[in-house]
There are 2 protein chains.
Amino acid sequence: MPNTRLDAIDRRILAALQRDARLSNVQLAEEVNLSPSPCLRRVRQLEAEGLIRGYHAELDRGGVGLGLTVFVGVKVERHHEAEANAFREAVVALPEVISAHLVSGESDFLLQVVVADLAAYERFLTGTLLRLPGVSDIRSNFAIQSVKEHGPLPLTQPEDKGRSP
Amino acid sequence: MPNTRLDAIDRRILAALQRDARLSNVQLAEEVNLSPSPCLRRVRQLEAEGLIRGYHAELDRGGVGLGLTVFVGVKVERHHEAEANAFREAVVALPEVISAHLVSGESDFLLQVVVADLAAYERFLTGTLLRLPGVSDIRSNFAIQSVKEHGPLPLTQPEDKGRSP
DNA sequence: TCTTTATTGGCATCTTCTGCCAATTTTAGC
DNA sequence: GCTAAAATTGGCAGAAGATGCCAATAAAGA
């Protein structure tokens, strides 16, 4: 039930939690100009509605030994719808794949793969990815530099509603 | 100073916070088999070391009116190093671009762009992206379906150290 | 304008956070 | 294997935050 349309306060709550998910409810309430009670109620509602899907720590990839990010374009043999489904399910289960989308264009799927180094990627590619059902072509694009990561979703202007004294 | 190597407990802390950044310290401590004090100290240290880069709420894109995700491959005119830098900086400032990487392969940069719909993308493309410095070629791949999103980074086995009774 | 409904703010209680210290465990050297 | 030094842990106490409830306020509708 995607009912409620968001008001300015909801948007500011979402923006704040997107920036820092560990804000205390008191801080958050202050930031959106509300007292703690209704603020918490709104957060709970946003969670219940599914607008907030979760809260996650962002880790330093290099720091946890995952120095190599690869964007992988995959073509699957169409014609067999079943195989595309099998591919999807297989991909979801692979821990090295942190995101996967069905896309238009050259490739059918675009995966973001995270591994320790080139050797690990080679193992992943030949040992896992190439063996998935229906895979017909793979194009690997290595991330050389990260220009922007984890950018916040651009919520439409959580503009402060002016208030006259 | 990227000094400390992570032990099993640190990895479990990271894994837990990656899954749910709003765990209370008490819950987290319980999950990693530690009392709250040392647990909190480890979290603080991981933050200070930069291993934890932040905590973010994951929002439902459709729910906040951002129904279209596009992966955009961009070629920039090499030769002019300065222009590549200008492009990088411009891209960081664009709210529609939630991630950007310098990559090997066909394109020079791979951007992930989030907008409301096709009309908004058209505006973004012609009004913004095509006008950036040094851009020579753009390839847009539209996300048709999200197979996997926000997958956790695969931390090396936070395996429970067996304990005999 | 008068109802009816939804939302807010404050309060009381319970839980959690967080700094400090002694006790325990781990590490290093011999 | 044993001792000394260093690091880590667990518990405690005061401070801060979370959360359910209710009356008051604001918004919507008739």
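To find a chain, count down the sequence lines: A is the first, B the second, and so on, and within it residues start at 1. For clarity, every value in this text was computed on a predicted model and none was experimentally measured.
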Worksheet item: Can you check the B:Leu6 CG to D:dT8 C1' distance for me, whole Å?
Response: 16 Å
Worksheet item: Does the ring center of B:Phe71 lie less than 6.0 Å from the ring center of A:Phe71?
Response: no
Response to the item:
Here the distance between atom C1' of D:dA26 and atom CD1 of A:Ile9, to the nearest Å, is 13 Å
Fill in: Nucleotide C:dT7, atom P - distance to CG of A:Asp7 in whole Å
9 Å
Worksheet entry | Of the listed nucleotides C:dG9, D:dG10, C:dC17, the one nearest the side chain of B:Val26 | C:dC17
Worksheet item: How many angstroms lie between CZ in B:Arg53 and CD in B:Glu47, if you round to the nearest 0.5 Å?
Response: 14.0 Å
Fill in: Length of the CG-P vector between A:Asn25 and C:dG9, whole Å
12 Å
Worksheet entry | Rounded distance in Å - CD (B:Gln27) to C1' (C:dT15) | 11 Å
Worksheet entry | B:His56 and its side-chain hydrogen bond (donor to acceptor under 3.5 Å, both in side chains) partner, picked from A:Glu58, A:His56, A:Arg22 | A:Glu58
Worksheet entry | Nearest non-hydrogen partners of A:Val76 and A:Asp108, listed with the distance | N-OD2, 2.9 Å
Discussion item. Regarding D:dG11, can its base be found pairing with the side chain of B:Ser37 as donor and acceptor, where the two atoms are less than 3.5 Å apart?
Written reply: yes
Enumerate the protein-to-nucleotides 13-16 of chain D contacts in which both atoms are nitrogen or oxygen and the separation is below 3.5 Å.
none

Fill in: Nucleotide D:dA18, atom C1' - distance to CG of A:Leu40 in whole Å
7 Å
Worksheet item: Between B:Tyr121 and B:Phe142, what is the ring plane arrangement, given parallel below 30°, perpendicular above 60°, and tilted in between?
Response: perpendicular
Discussion item. At 4.0 Å (heavy atoms only), tell me whether A:Arg42 reaches a base, stays on the sugar-phosphate, or touches nothing.
Written reply: sugar-phosphate
Worksheet, complete the sentence: By ring-ring contact (aromatic ring centres under 6.0 Å, His included), B:Tyr55 pairs with (sequence neighbours left out) none
Discussion item. Checking A:Thr69 against A:Arg61: is there a side-chain donor and acceptor pair closer than 3.5 Å?
Written reply: yes
Worksheet item: Considering only side-chain heavy atoms of A:Arg44, which listed nucleotide, C:dG9, D:dT19, C:dC17, is closest?
Response: D:dT19
Worksheet item: Once you round it to whole Å, what is the distance between P of C:dT16 and CZ of B:Arg22?
Response: 14 Å
Worksheet item: Taking atom types as modelled and ignoring hydrogens, do the side chains of A:Glu31 and A:Gln27 form a donor-acceptor contact shorter than 3.5 angstrom?
Response: no
Worksheet entry | Nucleotide nearest B:Pro38 when distance is taken to its side chain, options C:dT16, C:dT18, D:dT9 | D:dT9
Discussion item. Using a 4.0 Å heavy-atom cut-off, does A:Ser35 contact any base of the nucleic acid, only the sugar-phosphate backbone, or nothing at all?
Written reply: base
Find every protein N or O atom lying less than 3.5 Å from an N or O atom of nucleotides 21-23 of chain C, and list the pairs.
none

Discussion item. Quick check: closest heavy atoms across A:Glu77 and A:Ser136, and the distance to 0.1 Å?
Written reply: CG-CB, 3.8 Å
Item to complete: Starting at atom CG of B:Leu34, determine the distance to atom P of C:dT26, rounded to an integer number of angstrom.
Response: 13 Å
